[in-house]
Amino acid sequence: MARKNKRQFFEEVEVIDAGAKGKGVAKAPDGRVIFLPYAVPGDVVAVQTFKKRKAYFEGKITEVLTPSPKRTTPECEHFGVCGGCKWQNMGYQHQLFYKQREVENNLKRIGKVELPTFIPILGSEQHYFYRNKMEFSFSNNRWLTQDEIDSERDLGDKNALGFHIPGMWDKILDIKKCHLQEDPSNAIRLAVKHYAVQNGFEFFDTRNQSGLLRTLMLRTSSTGEIMVLLQFFDDDREKRESLLDFLKEEFPQITSLQYVVNQKPNDTIYDQEVVCYAGRDHIFEEMEGLKFKINAKSFYQTNSKQAYQLYKITRDFAGLTGNELVYDLYTGTGTIAQFVAKKAKKVVGVEAVPEAIEDAKVNAQLNGIDNVTFYAGDMKEVFNKDFINANGKPDVIITDPPRDGMHKDVVEQILNIAPKKVVYVSCNSATQARDLALMDGKYKVTRVQPVDMFPQTHHVENVVLLEKR
């Protein structure tokens, strides 16, 4: 039987905390928690619930009765509709407080391990325009705001180039200005849309799987290079080259201009041929004298400046003297491995994605680093006894797994090898805490430092040093 969701109204509740997925936390009169998007701790609000569960409600604010002193005015006109940057209405110092507390709570409540005094979270110097990669989607039927729906005016152009509305795979919000990536990101996106509309190019129809223009990806680097990749659905050479030529002429600073013709149901490009139309098929990122070659499919930390800070903390926690054998698990394109290589005897990197490992090898060669070795394969299968015998027993393990954390077999193998130190970098302190609990018998947590990679959001990275008991 379908669950009935009887809506309730609460005239006056106080938001007492910031919780999961960046939602505010309030308490209903019956003591149940209410999760509220775009609420700031300290707000007193009127609430309408739209989902009821045994222990909690989900709701929305209908009116802010008393604004929290932690509130600030969002920079972006799309705040609250776009679905990104959900903490723009909270002062940055307060964002850092709640991120630090989330890490501390997860490590204490889930990990239940002995913990040192936490090092204060490292904030980002840039609160906006910090991302080096953005992806936008085209749509021939843009998302309409409630104000537009209620109005009787001509809504004009129905095409959109922007972001998916959260939870709606076929709805795209047209973005006027995004505060996440430095210019000329906004200028390029707006120029592409204007040219396409002026020339009658068809924007993608998700439901009918038709149209010319599908997605736009922009990558920028700290060296000033720019990559633009347009994804087309229809294979119309004349229109495609017309738009690409326009971009080449209008934005001569574009270093890499590429395209994909993708007629699959989904818009992922990792199994598609990427064609370089002008310039190089890659751009370069630079960090502490190291160069990293980045192509359209490469993974690279999306906040370059904070990635540098994160890697410095990781290297500092590892405490390398030049004599250590280091394993870098979940190495990606080998950025951490190469970053610590000059202070290690040898670094061995392992990653599941073969293309990432190819990038890592190319970058190591480019940087003249000869004390790194990279292997591709599923971590829980590659990282076994034969692997250890072939590469040697590590003195230090650095691990930077995906959000799900480490597979239990990987944790077990680390415990079997028992290196002196493990430096655990995580984008999800809940799964990190679970793994720390599994390692508690053999390792003690001696240092913890959160790092804010994504201002205006609830996401936070965390670095933990484990030392053998």
Side-chain angles (χ1 to χ4, degrees), residues 22 37-38 72-90 92 95 124-145 147-148 157-197 203-204 213-222 224-231 243 247 250-251 253-257 267 269 283 285 294 296 300-307 452-459:
Y38 307 111
T72 190
T73 304
E75 290 284 332
C76 182
E77 66 182 281
H78 304 295
F79 175 76
V81 182
C82 161
C85 306
K86 291 176 183 174
W87 278 5
Q88 266 196 60
N89 59 350
M90 192 192 306
Y92 187 59
Q95 295 179 29
S124 172
E125 283 186 16
Q126 289 178 284
H127 300 171
Y128 291 98
F129 303 110
Y130 57 81
R131 286 185 68 98
N132 57 39
K133 180 185 177 185
M134 294 296 293
E135 295 179 78
F136 304 96
S137 297
F138 293 89
S139 172
N140 66 349
N141 191 19
R142 68 181 176 85
W143 173 259
L144 302 177
T145 64
D147 286 346
E148 287 178 313
D157 178 19
K158 288 289 188 72
N159 290 315
L161 176 53
F163 299 126
H164 283 269
I165 294 291
M168 297 186 181
W169 61 275
D170 63 336
K171 301 296 184 185
I172 304 295
L173 176 70
D174 191 48
I175 298 294
K176 303 289 190 295
K177 181 179 181 180
C178 179
H179 288 72
L180 283 174
Q181 190 175 35
E182 286 184 327
D183 284 335
S185 175
N186 280 300
I188 290 172
R189 188 191 69 257
L190 293 172
V192 167
K193 187 194 173 190
H194 180 74
Y195 185 87
V197 170
F203 285 41
F204 194 55
L213 297 165
R214 193 163 187 172
T215 66
L216 168 68
M217 182 179 80
L218 293 162
R219 298 188 90 144
T220 54
S221 75
S222 59
E225 297 191 331
I226 302 165
M227 176 187 291
V228 176
L229 183 140
L230 274 158
Q231 187 173 176
L243 178 53
L247 275 175
E250 191 76 9
F251 298 94
Q253 66 268 51
I254 293 174
T255 318
S256 172
L257 183 58
D267 56 20
I269 66 166
I283 58 175
E285 187 55 86
I294 298 168
Y300 192 81
Q301 287 280 3
T302 50
N303 184 338
S304 301
K305 288 183 179 178
Q306 277 299 88
D452 184 23
M453 300 285 284
F454 305 106
Q456 318 307 332
T457 78
H458 64 282
H459 298 291

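Throughout, numbering of the chain's residues begins at 1 and tracks the sequence. Any value given below was found using the heavy atoms of this structure, including those in side chains, with hydrogens, waters and symmetry copies removed.
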Quiz prompt | Side chain Thr255, main chain Ile226, donor-acceptor under 3.5 Å | solution =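 Yes; at least one donor-acceptor contact below 3.5 Å.
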
Practice problem: Provide the closest heavy-atom pair for Ile175 versus Gly162 in the form atom of the first, atom of the second, distance. | Solution: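 Residues Ile175 and Gly162, closest heavy atoms: CG1-CA, 3.6 Å.
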
Quiz item: With a 4.5 Å limit on heavy-atom distance, are the side chains of Leu180 and Tyr130 in contact?
Solution: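 Leu180 reaches Tyr130 side chain to side chain.
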
Quiz prompt | side chain to side chain contact (heavy atoms under 4.5 Å, CB included) between Leu213 and Leu161, worked out | solution = CA-CA 10 Å; Leu213 297 165; Leu161 176 53; over 6 Å; no

Self-check item: Expected output: side-chain Asn159 to main-chain Lys193 donor-acceptor under 3.5 Å
Solution: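 No; zero donor-acceptor contacts below 3.5 Å.
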
Would you give me the side-chain donor-acceptor pairs under 3.5 Å for residues 75-87, sequence neighbours excluded?
| from | atom 1 | to | atom 2 | distance (Å) |
| --- | --- | --- | --- | --- |
| His78 | NE2 | Lys176 | N | 2.8 |
| Trp87 | NE1 | Gly22 | O | 2.9 |

Exercise. Ignoring hydrogens and angles, tell me if any N or O in the side chain of Gln95 forms a donor-acceptor pair with the backbone of Gln456 under 3.5 Å.
Key: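 Side chain of Gln95 to backbone of Gln456, a donor-acceptor pair under 3.5 Å: yes, one is there.
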
Quiz item: Below 4.5 Å, heavy atoms only, C-beta onward: do Trp143 and Met168 meet side chain to side chain?
Solution: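 They are in side-chain contact.
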
Quiz item: Any side-chain heavy-atom pair from Lys305 and Gln126 closer than 4.5 angstrom?
Solution: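 When only atoms from C-beta onward are counted, Gln126 and Lys305 do touch, with a gap below 4.5 Å.
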
Output side-chain donor-acceptor pairs under 3.5 Å for residues 214-222, partner residues at least two apart or in another chain, one line each.
| from | atom 1 | to | atom 2 | distance (Å) |
| --- | --- | --- | --- | --- |
| Arg214 | NH1 | Asn262 | O | 2.8 |
| Arg214 | NH1 | Lys264 | O | 2.9 |
| Arg214 | NH2 | Lys264 | O | 2.9 |
| Arg214 | NH2 | Pro265 | O | 3.1 |
| Arg214 | NH2 | Asn266 | O | 3.1 |
| Thr215 | OG1 | Gln231 | NE2 | 2.6 |
| Arg219 | NH1 | Asn295 | O | 3.1 |
| Arg219 | NH1 | Ser298 | O | 2.9 |
| Arg219 | NH2 | Ser298 | O | 3.0 |
| Ser221 | OG | Thr223 | N | 3.3 |
| Ser221 | OG | Thr223 | OG1 | 2.6 |
| Ser221 | OG | Glu225 | N | 3.3 |
| Ser221 | OG | Phe284 | O | 3.0 |
| Ser222 | OG | Glu285 | OE2 | 2.1 |

Quiz prompt | Heavy-atom closest contact (Cys178 atom, Arg189 atom, distance) | solution =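 Minimum heavy-atom contact is N-NH2, 4.2 Å.
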
Quiz item: Are the side chains of Pro455 and Tyr92 in touch, meaning some heavy atoms are under 4.5 Å apart?
Solution: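 With C-beta onward as the side chain, the pair touches.
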
Quiz prompt | Value rounded to 0.5 Å, distance of CZ in Phe129 from NE2 in His179 | solution =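 Going from CZ on Phe129 over to NE2 on His179, the span is 4.5 Å.
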
Quiz item: To the nearest 0.5 Å, how far apart are CG in Asn186 and NZ in Lys177?
Solution: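 Those atoms lie 6.5 Å apart.
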
Quiz item: Does the side chain of Val192 reach to within under 4.5 Å of the side chain of Val228, using non-hydrogen atoms?
Solution: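 A side-chain contact is absent here, since even the closest heavy-atom pair is not under 4.5 Å.
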
Quiz item: Is there side-chain contact between Phe203 and Val197, with heavy atoms separated by less than 4.5 Å?
Solution: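 They are in contact (side-chain heavy atoms under 4.5 Å apart), so the answer is yes.
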
Quiz item: Just by distance, do the side chain of Asn140 and the backbone of Lys158 share a donor-acceptor pair under 3.5 Å?
Solution: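 The answer is no, because no donor-acceptor pair under 3.5 Å joins these two groups.
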
Quiz item: Closest approach of Phe138 and Phe204, non-hydrogen atoms and distance?
Solution: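 What the structure gives for the nearest pair is O-CB, 3.8 Å.
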
